[in-house]
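What follows is one structure encoded as structure tokens, with my remarks underneath.
Lettering follows sequence order; numbering is per chain, from 1.
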Protein chains: 2
Amino acid sequence: MSGVRAQQKQKTRQALIQAAFNQLSADHSFSNLSLREVAREAGIAPTSFYRHFKDMDELGLTMVDEAGLTLRQLMRQARRRIANDGGSVINTSVVTFMEFIDNSSNQFRLLLRERSGTSKAFRAAVAREVKHFILELAHYLESETKCNAMHAYIQAESMVTLVFNAGAEALDIEGLQRDELIERVIWQLRYITRGAGHYVRETSKEA
Amino acid sequence: MSGVRAQQKQKTRQALIQAAFNQLSADHSFSNLSLREVAREAGIAPTSFYRHFKDMDELGLTMVDEAGLTLRQLMRQARRRIANDGGSVINTSVVTFMEFIDNSSNQFRLLLRERSGTSKAFRAAVAREVKHFILELAHYLESETKCNAMHAYIQAESMVTLVFNAGAEALDIEGLQRDELIERVIWQLRYITRGAGHYVRETSKEA
DNA sequence: TATTTTAGCTTACAGTTGTACGCTGAGATT
DNA sequence: AATCTCAGCGTACAACTGTAAGCTAAAATA
């Protein structure tokens, strides 16, 4: 196993994935990609594509998985920063997420677009990745605050929604406008934290 | 003016727009549309398309305007309901929005997708429509509560983001799951209201 | 009434797409 | 050493795309 042969196959498979990611941009979405162009950039004949993926959709789903992985790694990194540098949870998280958008903008774009895209399988795949993200945050909130599971989940869901959305807007702007955007999203997260906190307290009073 | 000629032209122009909207669906986005297919459904020759629009993008931008109009009409209707039926603001708004998603799902889909789509002009157009929506809500919040302008805007922005997002998710689900989704988004809006209220009070104390 | 304007048509073309089919040669297996 | 496997290639094709060019007939204008 893992002979020269299989190794080379993995290599061109990665070349295909990389080529596809490279061709994503502000004005080129996954559905705009053509099998032929991807194969061309990867340096293989169009028909050789099929040795690696059944069709473009299979490639795309692989890419979604990869982007989701990056996203989860990112979140762990954020938590590490919070634990070590001792910065504010909200601030650190938002800053880390914005770094993701700048450093891996094509991965983020893929998630962003395919979340409401044309293929049910894609939408489901992105939803799954986002849900992972939400659940990890919900667990964190549940352990760090005196939040019950339901409120923790809803709170996490809104936070992820708001940050994700701000990320989408951030893609198109720079400088001052961007700083203002970040400030706004931080306020939004504060609202959520306060508001959820209120209802949690009320709920525990009732209990 | 408004002779038989101009009248007929408007009619086929509308036929083109309608044909394009008809061809949108869960698995057919605007960028998947072809000029030829739209023309075919509208009942004209492909090349006659150019008598009405410079290219597909011009058609698309017109469609975005139309969808934005529908959206604003919807919001006014929601406010009327709130004033007359006297129901809860949050509940009525969410229910109204969900009706929009069911009754005009293709218009909603257009806004949803092109918001993060491939064309900067489209993204800007959708952002403009959404901003209208946010501003109207912000003014409402500012007048109905003791909220200052900044908090009103940020609050409105988060509410629209959360509802819009829930709408996107609602497109793919039905029944119980959907009811749960609606319940969650209502909680999220409550968080925002409470949280914003808290900071507003704090600000006015400081002042 | 004579002239101009124009929405819609037909024909035509060059470009791109996905993919079926069959071959080859280098690694893997026996 | 003989055989098998299979990643990658080249050719080929049918389906579709956007759009250029020029015609026609009916409405508008003068």
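- Look at NZ on B/K9: it is 4 Å from P on C/dA7, rounded to the nearest Å.
- One atom, CD of B/Q14, and another, P of C/dA7, lie 16 Å apart when rounded to the nearest Å.
- One can place CE of B/M56 at 12 Å from C1' of D/dT17, the figure rounded to the nearest angstrom.
- Minimum heavy-atom separation, A/I192 to A/L162: CG1-CD1, 4.0 Å.
- Within 4.0 Å (heavy atoms only), A/T47 reaches at least one base atom of the nucleic acid.
- Rounding to whole angstrom units, CG of residue A/N32 and P of C/dG18 are separated by 12 Å.
- Nearest-nucleotide assignment on DNA chain C puts the 5′-proximal partner with B/Q8, out of B/Q8 and B/R36.
- Taking atom CD on A/Q7 and atom P on D/dG8, their separation rounds to 13 Å, with Å as the unit.
- In this pair, B/Y199 and A/Y191 present their aromatic rings tilted. The plane angle is within the 30 to 60° band.
- Straight-line distance from the CG atom of A/L33 to the C1' atom of C/dT16: 15 Å, rounded to whole Å.
- Residue-level contact check: B/E37 touches the backbone only, with heavy atoms under 4.0 Å from sugar-phosphate atoms and none from bases.
- In this structure, of C/dG8, C/dT17, D/dA27, it is C/dG8 that holds the atom nearest to the side chain of B/R51.
- The aromatic rings of A/W187 and B/H151 lie perpendicular to each other, with more than 60° between the two planes, well past the 30° mark.
- Note: NZ (A/K54) to P (C/dA20) measures 12 Å, nearest angstrom.
- Residue-to-nucleotide contacts include a donor-acceptor pair under 3.5 Å from the side chain of A/R5 to the base of D/dC6.
- In this pair, B/F164 and B/F97 present their aromatic rings tilted. The plane angle is within the 30 to 60° band.
- Computed from coordinates, the B/F49 CZ to D/dG18 P distance equals 9 Å when rounded to whole Å.
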What do the steps show when you test A/R113 against A/F122 for side chain to side chain contact (heavy atoms under 4.5 Å, CB included), and what is the final call?
CA-CA 10 Å; A/R113 287 174 174 154; A/F122 274 63; over 6 Å; no

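- For the OP1/OP2 pair of C/dA7 and a distance below 4.0 Å, the side-chain nitrogens and oxygens of B/S48 include no atom meeting the criterion.
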